[in-house]
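The structure appears below as structure tokens.
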Amino acid sequence: MSENVVHLHKPTAPPAPGTAPTVLTVVPDAPPARPAPLWVRSGRAVKTAVTHETTRATGRAVARHVSYTFNGGRIVARRTWDGKTGSRYERMIRAAEAAGNLEAAEEWEERLTRFRAARHHRRMDLLHSPVEAAKGVAVGTGMGIGGLVALGVVMAIATKDVTAVVTPLMATIEFINLMITIVHVVWGPAISLGPFFALLALWAVGSKQHAAPAWALPAKVRNSEGEPITPSIVVKALRDLGVPALRNAIKEMGDAGASMLSPIVIAGCGVEVDVTLPSGVSTNEIQQRRRKLAENLARHEHEVFITIPTAARTVRLWVADSGALDEPIGPSPLVTDETMTADYTKGKAPWGQDLRGDAASISLYQRHLLITGLSNQGKTAALRALALWLALDRSVEFWMGDLKGVGDWAMFDGLATKLIQGPTDDHVIQVTEMVEDAVEEMNRRLQAPPGTVFPLLVVTVDEAQVAFMCPAVDEDKRPYGGSKAKSRYFTAVRKIHNQGRAVNVLMWQGTQDPTDQNLPKLVREGAHTRASLALGTESQARMALGDKAVDGGAAPNLLRPGLDKGTLVVASDGIAIPAGQASITVRTHFISTDDATAIADRAKALRDGVTTLHVIERGEERDPLADIAAVVGDAARVRTMDVINRLAALDAKAYGGWSFTDLTRVLDGTGAEPYKSDGVKVIGRERLARALANRDSQGSASTSG
């Protein structure tokens, strides 16, 4: 029974008049803390002991060494059984039959017949061996004793001592007695230690084969990244994929599971092997387990690629050397070879390296292009590298729209005829009108006389998703963006895709994170060359590359964002793709902005001078003389036909129908009339400058007067 203690609270000062008197309070003592039950403390101790790292390590060690001994016995028993019976030959026969190799099956059957005949001969010899052995022992013993006596006689004659006759015989008997004594002494310890040495031998066999559960193996064995890829490793990796039909087939084959494999060959920074799957196992079952297969091969997921070759029921595995894909591939030939030029019709652009380490070059001839991927994965750099190579062909003309506007394409100022840079709706409107102008140019070319050859016009739009997502509408309520038939940008791109390649008008687009909203189906399927960097999902991969490429093994969604920058999965007939595959993985060369500027300067040196328009102006009064001076640019002289073409590109509505007569009419009386140079009519820059200066001075004088 607990006692109550009375606590008296004595005030430190007398109470003030009118205040309440001090009250005595009775406060019961708090019950003493009761200790936790013994079973609770015991449970906590057991839990701590079980989860302690030392305890877990000890448990793993015990399980590991027990498994080594037990499984070592199984391995020795299996080897003994294989050596004494024909089971090995029977497994080889079944494996050859499963692979459809009847010649190999017949050869193994013949070997099995020879093995059985030799075994029968040995067994028949054993039936007669006891009699032969007894005869041999009798004859040997008699001859041995006779020989010893003869030796003794010789010794007796030599020493003239009759007792020497039995000396060799007695020496032999004493030696035999000594051996018996030694065996008698050693036999007991040998009987006691024999089982221990037998278990030690079994443990050695099991430890050499790592015959223990994976969780019990040492960390250095569990994490053995970078091991050479051998047939046994590949077979084990396939066996442990979790496909029952595959596992059962390999078990029936036994060690001959390697018959599924082609020779393992070195392929660039890795190895390649074809796997012929047994009946009942489909190729997509292997593709869907890429991560597990990679881990079974002691590799990361991004270091194993699975493709489908032409052979039926076959998958092709490319396994990288551990860490090899994280190493850079070196600079682009565009940077290292300053004498390089381009040929649009017959040449190929150096883009990077494939997984084998071979150079990956791509033909751009009459192929619309689409490159997509997540943000900041190298899309602009990959697209720009192709444009830089093509710029080294002086006949190619560029119209460019950069809807990011951070200067990634600034080096094309003075190289591209049109260059629009910016992310706003106004920039989208200008880019849309630029693409519509390309449609008009395409229609003009289509209506030209048959056989007319036109130079290449490449219309490039980077960050095209900004154009598709633009909400702006024109005065007729037609949207600039969107994916419907009334969308101006969408309609213009589709028209170029339909007929542009016939007259060398090509559409190149780069876009982020493809969806049906920012990359409509008809637009992405109109590109002949489709390439993708890292993506988030398989559905995006199908949008970027198409169902055929993805079903054939293309998996940009399995690339590592941020780590696999510049790595593209390409589906195109313009690049060499291994037979039977629908795509190829390319690690592109990175060309920095400074190097890109240097390459662009080399391309500018090949040309007479290009005036780049940064804004497309519509519906305003033109100044023909100023426009002529603008399109002539910094060149000393330009042919009249080139001036007319540049004026049409500047404003198709104002100058699209101009002829030589219209040009002459504007320049008559200005002092900048066309004149002949090397037999060709040209317009001089200095004469235009004087004509503009005279006109401006006359205008100023009239104003002041």
Side-chain angles (χ1 to χ4, degrees), residues 210 214 217-241 257-258 260-276 286-287 289-309 314-333 350-361 377-378 382 533-534 552-570 575-581 583-590:
H210 300 301
L217 292 174
K220 64 180 180 180
V221 177
R222 294 198 307 268
N223 301 326
S224 55
E225 296 182 1
E227 289 183 354
I229 300 300
T230 62
S232 61
I233 288 178
V234 176
V235 171
K236 290 178 182 177
L238 294 169
R239 182 194 65 194
D240 298 336
L241 272 185
M260 297 188 304
L261 310 182
S262 69
I264 298 177
V265 297
I266 297 176
C269 57
V271 297
E272 190 173 76
V273 59
D274 285 356
V275 181
T276 302
I286 308 299
Q287 286 182 302
R289 292 167 172 82
R290 176 182 172 187
R291 172 174 292 183
K292 191 170 186 178
L293 178 61
E295 293 173 350
N296 290 347
L297 293 170
R299 294 295 190 272
H300 295 292
E301 184 178 11
H302 72 278
E303 294 175 331
V304 175
F305 288 81
I306 305 173
T307 53
I308 310 299
T314 302
V315 293
R316 178 168 295 161
L317 307 181
W318 185 86
V319 185
D321 297 335
S322 185
L325 295 183
D326 297 327
E327 299 176 359
I329 65 171
S332 169
W351 212 4
Q353 293 180 0
D354 61 16
L355 295 178
R356 292 173 170 266
D358 299 330
S361 302
Q377 299 303 309
L533 295 112
N557 52 300
L558 297 181
L559 295 173
R560 301 167 299 168
L563 297 177
D564 290 327
K565 280 187 176 182
T567 299
L568 283 166
V569 181
V570 185
I575 192 170
I577 297 178
Q581 296 181 200
S583 65
I584 186 172
T585 301
V586 177
R587 303 172 67 199
T588 58
H589 297 292
F590 174 71

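All heavy atoms count here, side chains included; hydrogens, waters and symmetry mates do not. Everything numeric here is computed off the predicted structure, so don't read it as measured data.
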Specify the closest pair of heavy atoms between [X] and [Y], including all atoms of both residues, with the distance to one decimal.
{"X": "Val586", "Y": "Ile575", "value": "CG2-CD1, 3.9 Å"}
{"X": "Gly330", "Y": "His589", "value": "O-ND1, 3.1 Å"}
{"X": "Asn296", "Y": "Asp240", "value": "ND2-O, 3.5 Å"}
{"X": "Val304", "Y": "Arg290", "value": "O-NE, 2.7 Å"}
{"X": "Ile233", "Y": "Leu297", "value": "CG2-CD2, 3.9 Å"}
{"X": "Thr588", "Y": "Gly566", "value": "OG1-O, 2.6 Å"}

Could you list the residues that satisfy salt bridge (Lys or Arg N to Asp or Glu O under 4.0 Å) with Asp564, not counting sequence neighbours? Arg560
Whether [X] side chain and [Y] backbone form a donor-acceptor pair below 3.5 Å:
{"X": "Glu303", "Y": "Ala294", "answer": "no"}
{"X": "Arg587", "Y": "Asp354", "answer": "no"}
{"X": "Trp318", "Y": "Ala267", "answer": "yes"}

Looking at side-chain heavy atoms only, is the closest gap between [X] and [Y] below 4.5 Å?
{"X": "Val275", "Y": "Thr314", "value": "no"}
{"X": "Gln287", "Y": "Ile308", "value": "yes"}
{"X": "Leu241", "Y": "Leu293", "value": "yes"}
{"X": "Val234", "Y": "Ile229", "value": "yes"}

For the [atom1] atom of [X] and the [atom2] atom of [Y], what is their distance to the nearest 0.5 Å?
{"X": "Thr230", "Y": "Leu261", "atom1": "OG1", "atom2": "CG", "value": "9.5 Å"}
{"X": "Leu568", "Y": "Leu533", "atom1": "CG", "atom2": "CG", "value": "4.0 Å"}
{"X": "Glu301", "Y": "Leu559", "atom1": "CD", "atom2": "CG", "value": "10.0 Å"}

Do other residues, nucleotides or ligands put more than 12 heavy atoms under 6.0 Å from the CD1 atom of Ile266?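 Result for CD1/Ile266: open.
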Are Arg316 and Phe305 in a cation-pi setup, meaning NZ or CZ lies under 6.0 angstrom from the ring centre and within 45 degrees of the ring axis? no
Between Val319 and Arg299, does the side-chain contact (heavy atoms from CB on, under 4.5 Å) criterion hold? Intermediate values first, please. CA-CA 8 Å; Val319 185; Arg299 294 295 190 272; 3.7 Å; yes
